[in-house]
J.: 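I'd like to ask some things about the structure below.
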Amino acid sequence: MSQQTTRSGAPGRLLDGPSDPEHDPTASSALEPGYVASLTGRVVATSGQTTASTSPLNGEPLADVPQSGEDDVVAAFDRARTAQAAWARTSLDERAEVLLRLHDLVLDHEQEITDVAVWESGKARKDAYLEAYHVALTARYYARTAHRHLDTRRRSGVLPGATRIDVNRVPKGVVGIISPWNYPFTMALCDGLPALLAGNAVVIKPDAQTMLTALLGARLLEQAGLPEGLWQVVAGPGSRVGPSIVEKADYVCFTGSTATGRSVARGCADRLIGCSLELGGKNPILVLRDADIERAAEGAVRATYSNAGQLCVSTERMLVADEIYDRFVERFVARTEAMTLGAGHDWAIDMGSLISQDQLDTVTAHVEDAVAKGATVLTGGRARPDLGRYVYEPTILEGVTEDMLCHGQETFGPVISVQRFRSETRAIAKANEGSYGLNAAIYSQDGRRARAIAREIRCGTVNINEAYGATFASIDAPMGGMRQSGLGRRQGEEGIHRFTETQSVGTQRGHGFHPLPGMSNERFARTLSLSARLMNRLGRA
Ligand code: NAD
């Protein structure tokens, strides 16, 4: 292995560009207490209790985060409800302006966002930067397409010329968001922005490990001019605060594990409210016999090791055509071994730390179990405490079988199994194995054939000649999981329509739905049947 050592916990360099005057990541070994307090002060919490968080980079304390009690969650929803009533009456253009201001603010503060996310999650700086970029894309997309998605639409009425139908998009009310730690800035904002644009308020419970990054999002929204009360942040253990959110919200937007998602869905079913669930995956990557090997190896590295594999759409299973298997695997291993690992703020780090001891334990257990049952480690397979507390080497396994933990369970780490295939039909069947259906990648120089194969794959997104970015960053396209990977979609039209109720308003001109004076009910029924036949002949809907 030739992976380089980088500084552990080294403070980030400030590049040119505007930033928050209170924020200077070079001022101490972690974040300035005054800066941290300016963020944690935004949590709706009166309990007086706090929970300490530490940085995965070096184990140093980061923040004492105030904890929200039951009363605080109720107060957050009350405040949000009051603010939402006024917000729903503002014009769409006014709401879109807030998102456009946020777009620029996020780009202005990208260094600050990146610093805080790296301190909290241990991820590589390049992965943290993409969080800011993705939020900017989302804000601009929804602001610019607001009218397309939300304007009242005319639909055909039952009696052409006499029945006018208008379909309004009415906000749900207060949307509850429960977000995970792996992309703390993106996941805190990317669902909330369309919810706000559609006229809703938001109460959000970010994961306890990454509160500061989520709170920075709340501060930027305020700076962008979002009226007070519309974005309430509560904090506390998911098992306690999560169900309180489900209990109070008008719609729930959950991102996290399939197990928790199932319990959120049960809570929503009891209250008969809607929810969208963005859950786990065991995503396959298929390298077909006509793939450009160098391109596929580059893509496979990003597909597998972005965010140290703690990415819902990252790939953990690779199926490679027999004809190119040896050449491809050699290049994939070589590129993997050329990666720079580390725990710190340096842009040169290709793969950062895992977030916690729990994550490190899971990854270690999956690899050890596979090796004990006969899998071969082609590269990696070890924790690297010399580089960072929770750094684990990017790992390629061969010979993974059904009895191994990493075969069907999501590892959520930098570990992939490679397997050869002789028939594409068999490869598609293998890609569809298991209960997940989030994302797949296909490498082939024949776009038409790859798109035909994509239709056979039971995943909500399929990327051709790209790891995951083609769909993930194309905000106009829906994104989400089939089967146990989720319910509903974020992004695109579906990503904003989920936060609205449709309301159909019918205006009847002239005669209504009753017989003309003197006409019997029987004759009226015959006239209706006749008109139905006529409409069918005319090819009308
Ligand atoms: P998790 O389910 O443990 O936690 C997610 C969130 O749910 C956290 O905020 C947590 O505090 C909260 N929570 C915990 N128990 C709860 C309960 N009983 N009721 C309500 N909320 C509760 O997931 P995680 O380990 O933080 O995140 C990793 C998982 O998220 C992975 O499976 C990953 O694939 C998935 N994920 C999916 C997407 C996607 O878009 N599909 C994106 C990111 C992460």
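Read the numbers this way: they start at 1 and go in the same order the structure lists the ligands and their atoms. Below, all heavy atoms of this structure are taken into account, side chains as well, without hydrogens, waters or symmetry copies.
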J.: Nearest heavy atom to atom 25 (O) of ligand 1: which of Trp181, Phe472, Tyr436, Phe254 does it belong to?
T.: Trp181

J.: Tell me: protein heavy atom nearest atom 28 (C) of ligand 1, and distance?
T.: Phe412 CE2, 3.6 Å

J.: Below 6.0 angstrom between ring centroids: does that apply to Tyr141 and His149?
T.: yes

J.: For atom 27 (O) of ligand 1, which protein heavy atom lies nearest, and how many Å away is it?
T.: Pro180 CB, 3.7 Å

J.: Within the side chain of Ser68, is there an N or O that forms a donor-acceptor pair under 3.5 Å with the backbone of Ala235?
T.: yes

J.: What protein heavy atom sits nearest atom 14 (C) of ligand 1, and how far away is it?
T.: Gly238 CA, 3.6 Å

J.: Of the side chain and backbone of Val241, name the one, both, or neither that has a heavy atom under 4.0 Å from an atom of ligand 1.
T.: neither

J.: Please determine, by modelled atom types, if Tyr436 and Glu316 share a side-chain donor-acceptor pair under 3.5 angstrom.
T.: no

J.: Nearest to atom 36 (N) of ligand 1, what protein heavy atom do you find, and at what distance?
T.: Cys312 CB, 3.6 Å

J.: Do you see a donor-acceptor pair shorter than 3.5 Å between the side chains of His366 and Thr411?
T.: yes

J.: Quick one: does Arg490 get within less than 4.0 Å of ligand 1, heavy atoms only?
T.: yes

J.: Could you tell me whether a side-chain N or O of Asp127 sits under 3.5 Å from a main-chain N or O of Asn307, the two making a donor and an acceptor?
T.: yes

J.: Is a salt bridge present between Lys430 and Glu433, judged by a nitrogen-to-oxygen distance below 4.0 Å?
T.: yes

J.: Using a plain distance cutoff, I'd like to know if Thr258 has any nitrogen or oxygen under 3.5 Å from a nitrogen or oxygen of ligand 1.
T.: no

J.: Answer with yes or no whether the side chains of Thr213 and Glu120 bring together a donor and an acceptor at under 3.5 Å.
T.: yes

J.: State the atoms of ligand 1, each with its element, that fall below the 4.0 Å cut-off from a heavy-atom position in Asn182.
T.: 43 (C), 44 (C)

J.: Heavy atoms only, cut-off 4.0 Å: how does Ser179 contact ligand 1, side chain, backbone, both, or neither?
T.: backbone

J.: Minimum distance, heavy atoms only, to atom 2 (O) of ligand 1: which one of Ser257, Gly256, Ser276 is it?
T.: Ser257

J.: Give a yes-or-no answer on whether the side chains of Asp361 and Gln357 include a donor-acceptor pair shorter than 3.5 Å.
T.: yes

J.: Salt-bridge test for Arg302 and Glu298: reply yes if a basic N is under 4.0 Å from a carboxylate O, no otherwise.
T.: yes

J.: List the steps, then state whether side-chain contact (heavy atoms from CB on, under 4.5 Å) holds for Asn439 with Cys459.
T.: CA-CA 5 Å; Asn439 180 50; Cys459 284; 5.6 Å; no

J.: Within the 4.0 Å heavy-atom shell around Ile178, which atoms of ligand 1 are there?
T.: 6 (C), 7 (O), 9 (O), 12 (C), 20 (C), 21 (N)

J.: Do me a favour and list the nearest non-hydrogen protein atom to atom 41 (N) of ligand 1 with residue, atom name and distance?
T.: Leu279 O, 2.8 Å

J.: What is the closest protein heavy atom to atom 20 (C) of ligand 1, and at what distance does it sit?
T.: Gly242 CA, 3.4 Å

J.: List the closest protein heavy-atom neighbour of atom 11 (O) of ligand 1: residue, atom name, distance to the nearest 0.1 Å.
T.: Lys205 NZ, 2.9 Å

J.: Of all the heavy atoms in Gly481, does at least one lie under 4.0 Å from an atom in ligand 1?
T.: no

J.: If we set the cut-off at 4.0 Å for heavy atoms, which region of Tyr183 has an atom near ligand 1: side chain, backbone, both, or neither?
T.: neither

J.: Between Tyr183 and Thr255, do the side chains contain an N or O donor and an N or O acceptor separated by less than 3.5 Å?
T.: no

J.: Need the ligand 1 atom indices (1-based, order shown) with element for anything under 4.0 Å from a heavy-atom of Leu438.
T.: 41 (N)

J.: Would you mind checking which non-hydrogen protein atom is closest to atom 34 (O) of ligand 1, with the distance to 0.1 Å?
T.: Glu410 OE2, 2.6 Å

J.: Heavy-atom contacts with Asp207 under 4.0 Å: which atoms of ligand 1 show up? List them by number with element.
T.: 8 (C), 9 (O), 10 (C), 11 (O), 26 (O)

J.: Quick one: does any side-chain atom of Asp350 pair with a main-chain N or O of Thr340 as donor and acceptor, under 3.5 Å?
T.: yes

J.: How long is the span from the CG atom in Leu220 to the CG atom in Leu105, to the nearest 0.5 Å?
T.: 6.0 Å

J.: Counting from 1, what ligand 1 atoms have a heavy atom of Val264 closer than 4.0 Å?
T.: 20 (C)

J.: Answer yes or no for Pro243: is there a heavy-atom contact with ligand 1 below 4.0 Å?
T.: yes

J.: Would you verify whether the NZ or CZ of Lys205 falls within 45 degrees of the ring axis of Phe254 while also being under 6.0 Å from that six-membered ring's centre?
T.: no

J.: Closer than 4.0 Å to some heavy atom of Ser239 - which atoms of ligand 1 meet that?
T.: 15 (N), 16 (C), 18 (N)

